[in-house]
Amino acid sequence: MGVARRKLTIIAAILALVVVAGGGGAAFAYWTAQGSGTGSATSGTSASFTVTSSAPTGAALSPGGTAQTVAFSVANSGSGSQNLFSFTVTVASAGGTAWTAVAGCSAADYSVGVPTITYGEIAGSASVSGTVTITMIDRAVSQDGCKGAAVPLYFSAS
Amino acid sequence: MQGRSGASVLLCELGKSELGQTDLFASMRMKWIRRHDTRGAGGNTVRSAGRATITVTVIFALLVTGSPAWAYWQSSGTGTGSAATGTLEPPTSVSAPARTGGPVPLTWVASGGSVVPTGYVVTRSSGGTVAPACGSSVQTPVTTTSCADAVSSDGVYAYAVTAIYRSWTASSTASAAVTVAAATLRTLFR
């Protein structure tokens with residue numbers, strides 16, 4: 001291929017690129033004018049996760065005894081995808097405050113396992129489910145205050 | 001909104017149509033390099049070829065290694081739940097008959113419920129003084145529901161039985177008062 005032909009090829013390619021980049025189309029004539037107007041667009045917004053749980057399964061907790069399992073669900077109440085990258089479960093009152101309702105018993109008497117859940121994007125109006133286990137620690141002090149106690153769990157998703 | 005950093009972000013910024021133009025641009029540069037190489041050009045051509053090579057390599061690397069761009073909303077939420085703690089039931093019906101001489105035979109009904117005690121500690125009380133009975137203690141509890149308490153002093157006693165399960169305890173109500181005449185026993189054996 002000669003030099004002239006290569007030049008021609010390059011020029012043609014550049015012209016094609018310019019036409020494509022510029023949204024090329026058929027030639028036409030038109031009047032020009034100016035004007036203004038208003039409009040609006042709204043962007044979406046995130047919606048809080050909705051966390052629900054089921055009644056625990058397994059034998060009631062006892063010092064050093066077997067675990068109870070609590071199933072939970074994290075729902076995306078929004079219409080767009082939302083990312084779930086963290087989920088924690090603690091023994092705490094609503095709002096995440098320290099549990100002090102039962103004399104002689106506290107969160108220190110229990111151990112919460114690592115929640116089992118699949119992290120990542122949750123599509124709009126979809127949900128993911130998981131489980132978490134709770135055990136009662138057998139401490140070297142009297143734990144009689146914990147007998148029969150309902151242990152509050154606080155779920156936090158983000 | 002958040003997006004991934006690195007290659008995917010760059011890809012996102014470029015957009016698909018721009019990537020197509022970049023490919024064309026790289027192709028044109030390669031043709032230009034080949035052309036000048038055949039003419040035996042000097043150092044400028046070598047440097048240009050080097051830049052072109054780097055450019056093509058970077059674009060290729062982005063195309064190969066770049067993951068799809070994606071975006072999502074960030075959110076949070078909370079919820080509540082609960083777990084249930086069991087309990088240790090106390091033994092019941094502690095019985096201690098009046099006794100004249102010899103150990104006092106005690107019986108009781110075992111703790112109910114799902115938590116089974118590992119043993120029982122028996123105590124004898126008189127006038128506000130509480131003492132271990134049946135030789136039991138937390139370390140050596142009675143593992144049955146009966147025992148015989150050897151009393152060394154005459155008196156009126158009440159017995160109580162405490163169930164033991166790890167860090168849990170559960171005490172029965174005291175038995176009815178029982179009169180024990182331990183001295184009579186010693187007299188009989190003299």
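Residue numbers start from 1 in every chain, and the chains themselves are labelled A, B, ... in the order their sequence lines are given, proteins ahead of strands.
Closest approach of A:Ser53 to B:Gly81, counting heavy atoms only: OG-CA, 3.4 Å. Closest non-hydrogen pair, A:Ser62 versus B:Val115, comes out as CB-CG2, 4.3 Å. Of all heavy-atom pairs spanning A:Pro56 and B:Ala83, the tightest one is CG-CA, 4.0 Å. Among all heavy-atom pairs drawn from A:Lys147 and B:Leu88, the shortest one is CD-N, 3.7 Å. For the residue pair B:Thr85 and A:Ala60, the shortest heavy atom distance occurs at C-CB, 4.0 Å. When all heavy atoms are compared, the tightest approach of B:Trp168 to A:Asp144 is CA-OD1, 3.2 Å.
Of the atoms belonging to A:Gln68, it is side-chain heavy atoms, and not backbone ones, that fall under 4.5 Å from chain B. At a 4.5 Å heavy-atom cutoff, the contact between A:Phe85 and chain B is made by side-chain atoms alone. With a threshold of 4.5 angstrom between heavy atoms, A:Val141 approaches chain B through N, CA, C or O but not through any side-chain atom. Of the atoms belonging to A:Ser142, heavy atoms from both backbone and side chain fall under 4.5 Å from chain B. Contacts between A:Phe87 and chain B at a heavy-atom distance below 4.5 Å are absent for every atom of the residue. Proximity to chain A involves both the backbone and the side chain of B:Thr169, based on heavy atoms less than 4.5 angstrom apart. In this structure, no portion of A:Thr52 lies under 4.5 Å from any heavy atom of chain B. No part of A:Ala92 comes within reach of chain B, as not one of its non-hydrogen atoms sits under 4.5 angstrom from that chain.
Note: the hydrophobic cluster containing B:Val121 does not contain B:Val104 (ILVMFWY, side chain heavy atoms under 4.5 Å, direct or indirect links).
Annotation: maximal heavy-atom pairing with chain B below 4.5 Å, among A:Gly64, A:Pro152, A:Ala55, A:Ala94, occurs at A:Gly64. With chain B as the partner, the residue from A:Leu61, A:Asn76, A:Val51 showing the most heavy-atom pairs under 4.5 Å is A:Leu61.
Put simply, the side chain of B:Arg166 never gets that close to the backbone of A:Asp138: no donor and acceptor are under 3.5 Å apart.
Within the model, atoms OG1 of B:Thr78 and CZ of A:Phe155 stand 10.5 Å from one another, a figure rounded to the nearest 0.5 Å. Here B:Ser75 contributes atom OG and A:Ile122 contributes atom CD1; the two are 9.0 Å apart, rounded to the nearest 0.5 Å.
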